[in-house]
Structure formats: structure tokens, C-alpha cells
Amino acid sequence: MSEADDSAFQRGAGASLSPQHQPAPPPKPIVAFNRRELDVILRLYGRMVADGEWRDYAIDLLKDRAIFSVFRRSSEMPLYRIEKDPKLARRQGAYSVVATGGMILKRGHDLAQVLRVLEKKKHLRVVDA
């Protein structure tokens with residue numbers, strides 16, 4: 001083999017000569033929130049930002065679940081995590097709201113119903129003495 005042939009082989013020209021070349025397996029799907037779910041979540045988020053309760057959010061798309069994290073300040077731990085875990089869809093419900101300490105506040109099959117745990121009670125008000 002000459003130097004030219006050797007350098008072409010090192011650049012990958014010889015890699016296509018492999019007789020056992022098999023196509024790569026299809027990538028596994030990533031769990032994500034669909035448009036309807038994001039609409040419900042972002043409506044609540046918008047109301048809470050307008051009230052001054054929440055300031056930032058993050059969306060994490062993992063192999064087994066999707067997480068929408070809500071922050072009071074972006075440098076802190078999330079106040080709440082809204083999780084979608086399809087593995088739990090038949091048993092406990094795919095949606096859950098988790099507090100900062102890891103305590104599950106509510107879990108269920110309907111996202112709008114699960115998110116009601118985060119809405120402020122309108123009958124409770126702060127009274128100046």
C-alpha cells in the first residue's frame with residue numbers, strides 16, 4: 001500500500017468496504033408534551049407570572065418522561081415539576097405535580113384536573129391589620 005492509499009483508508013474511504021454493514025436501529029422516541037398539553041400548562045404559567053408568583057420555567061425531555069419545571073428565580077431549585085410519565089398512564093395517571101422536596105401533590109389521567117392543585121384559592125386573601 002502506498003502512502004496515498006494508506007491516508008485514504010484512514011480518512012474513511014475503506015470503511016464502506018465492510019461486508020457486515022447493517023443499518024442503525026431506529027432511535028427510541030422521546031417523551032414530550034403535545035400542543036394541547038403545553039397550552040394548558042402555559043395558560044397556568046402565564047397567570048402565575050402575571051400574579052408575580054413564578055418567573056422562569058424549563059422543559060426537560062427525557063427517554064422515559066417529560067418535565068416542565070417552574071421557578072421563582074432561575075438560580076433556585078424548581079418550585080414545582082409537572083411530569084408526564086407514560087409508563088404510569090394505565091395505573092395512576094401519566095401526569096403528576098411534584099413539589100420542591102419531591103412530594104407528589106397530585107397525580108391523575110387529566111392534566112387540567114391535576115394542575116388545579118397549583119391554582120391559588122380565590123377565597124383566601126391577606127388582610128392588613
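This is a predicted model, so every value here is computed, not measured.
Taken together through direct or relayed side-chain contacts under 4.5 Å among Ile, Leu, Val, Met, Phe, Trp and Tyr, Y80 and L88 form parts of separate hydrophobic clusters.
Within the model, atoms CE of M48 and CZ of R72 stand 9.0 Å from one another, a figure rounded to the nearest 0.5 Å. Atom CZ of residue R73 and atom CH2 of residue W54 lie 15.5 Å apart, to the nearest 0.5 angstrom. For the atom pair I41 CD1 and L115 CG, the distance stands at 6.0 Å (nearest 0.5 Å).
Side-chain atoms of N34 come within 3.5 Å of backbone atoms of R36 as a donor-acceptor pair (strictly under, hydrogens ignored).
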List the atom pairs, with distances to 0.1 Å, where a side-chain N or O of residues 61-69 and a protein N or O form a donor-acceptor pair under 3.5 Å, not counting sequence neighbours.
from : atom 1 : to  : atom 2 : distance (Å)
R65  : NH1    : E83 : OE1    : 3.3

N/O donor-acceptor pairs under 3.5 Å from side chains in residues 94-114, not counting sequence neighbours:
from : atom 1 : to   : atom 2 : distance (Å)
Y95  : OH     : E37  : OE2    : 2.2
T100 : OG1    : P78  : O      : 3.0
T100 : OG1    : L79  : O      : 3.1
R107 : NH1    : Q92  : OE1    : 2.5
H109 : ND1    : A89  : O      : 3.0
Q113 : OE1    : R116 : NH1    : 3.3

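Y57 OH: 12 or fewer foreign heavy atoms inside a 6.0 Å radius.
L38 is linked by a side chain to side chain contact (heavy atoms under 4.5 Å, CB included) to F33, I59, counting only residues two or more places apart in sequence or in another chain. Shown here are the side chain to side chain contact (heavy atoms under 4.5 Å, CB included) partners of R35, two or more places apart in sequence or in another chain: there are none. The salt bridge (charged side-chain N to carboxylate O under 4.0 Å, His left out) check on R47 picks up E119, with sequence neighbours excluded. When the side chain to side chain contact (heavy atoms under 4.5 Å, CB included) test is applied to D39, the partners found at least two apart in sequence or on another chain are R43.
Contact of the D56 side chain with the V70 side chain is not registered, since no non-hydrogen atoms from C-beta on lie closer than 4.5 Å.
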Take L118 and I82, measure what side-chain contact (heavy atoms from CB on, under 4.5 Å) needs, and give me the verdict at the end. CA-CA 10 Å; L118 297 176; I82 301 164; 4.3 Å; yes

